[in-house]
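A short write-up of the structure that comes next.
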Amino acid sequence: SQKIEQNSEALNIQEGKTATLTCNYTNYSPAYLQWYRQDPGRGPVFLLLIRENEKEKRKERLKVTFDTTLKQSLFHITASQPADSATYLCALNTSGTYKYIFGTGTRLKVLA
Amino acid sequence: EAQVTQNPRYLITVTGKKLTVTCSQNMNHEYMSWYRQDPGLGLRQIYYSMNVEVTDKGDVPEGYKVSRKEKRNFPLILESPSPNQTSLYFCASSLSWRETDTQYFGPGTRLTVL
């Protein structure tokens, strides 16, 4: 079955460092992959979308890569700040249907 | 302000008592969806709607019903709630179903079924 996996353990990093989060998928060939941020008790907020023919996408301090051979997307936050502390979710729209599949998310904590 | 609203935000009920969670968006979006979020399981899609009068099942539709009589509203109905439906529920909408259309999420409804 189709599956998305993200690091289930929390990621703690020091302020100013680069945070790298991983999203792996199996039994699927998505044309697009999305990343969302979710704060406790709130709905996810869209951050970035990357297409299969795009190796890398940037937005301010955020960078997403997409490796269709490895079936993996990496999400980077450079010069991380305590305000970046949140849970980050990756999501796919399943090809041939109108459904979305989300990963379980990775909780990031940036230490001051 | 463009937004997705949900009501109620918090609800405690008892097994078997029918309830409805409302969802409304003011962005003229075609695609709307309901998710539940549980620890360790992430966001799972319950039902979605591509447009008025067009709905379909997501990955976990059992025990839920939806309707889409108007473009802006997409209520979630639990005819006979059970404790395993205790969860955090999110409604979301996007311009269409295309993969490039990002979803806008509501603030969530925390449901407890005793």
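Chain naming here is simple, since letters A, B, ... match the order of the sequence lines and numbering starts at 1 in each.
Both B/L76 and B/L19 are part of a single hydrophobic cluster, where members link through side-chain heavy atoms under 4.5 Å apart. Following chains of ILVMFWY side-chain contacts shorter than 4.5 Å, one cannot reach B/V66 starting from B/M50, and the two form parts of different hydrophobic clusters. Clustering ILVMFWY residues whenever any of their side-chain heavy atoms sit less than 4.5 angstrom apart, transitively, puts A/L74 in a cluster other than the one holding A/L108. Cluster annotation: B/I46 is connected to B/V113 through the hydrophobic network of ILVMFWY side chains, with a link wherever side-chain heavy atoms come within less than 4.5 Å.
If you measure heavy-atom distances from B/L41 to chain A, the contacts under 4.5 Å come from the backbone alone. Neither the backbone nor the side chain of B/Y104 has a heavy atom closer than 4.5 Å to any heavy atom of chain A. There is no contact between A/L33 and chain B, counting heavy-atom distances below 4.5 Å. With a 4.5 angstrom heavy-atom cutoff, B/Q37 touches chain A only via side-chain atoms.
A 6.0 Å sphere centred on CD1 of B/I12 holds no more than 12 heavy atoms belonging to other residues, nucleotides or ligands. Other residues, nucleotides and ligands contribute over 12 non-hydrogen atoms within 6.0 Å of the CD atom of B/E53. Counted within 6.0 Å of CD on A/E60, heavy atoms from surrounding residues, nucleotides or ligands total 12 or fewer; the atom is thus considered open. Within 6.0 Å of CZ on B/R44 lie more than 12 heavy atoms contributed by other residues, nucleotides or ligands.
B/Q103 places none of its side-chain heavy atoms less than 4.5 Å from the side chain of A/F46.
In this structure, B/D59 and A/K99 approach most closely via the heavy-atom pair OD1-NZ, 3.8 Å. The shortest heavy-atom contact between A/P44 and B/L43 is CG-CD1, 3.7 Å.
Among the candidates B/G108, B/G58, B/C91, the residue making the largest number of heavy-atom pairs closer than 4.5 Å to chain A is B/G58.
The structure places CD of B/Q45 at 9.0 Å from CD1 of A/I101, a figure rounded to the nearest 0.5 Å. Atom-to-atom distance recorded for B/L88:CG and A/R42:CZ is 12.5 Å, nearest 0.5 angstrom. Note that the CG atom of A/L48 and the OG1 atom of B/T102 stand 11.0 Å from one another [nearest 0.5 Å].
The ring of B/Y35 has its center closer than 6.0 angstrom to the ring center of A/F102.
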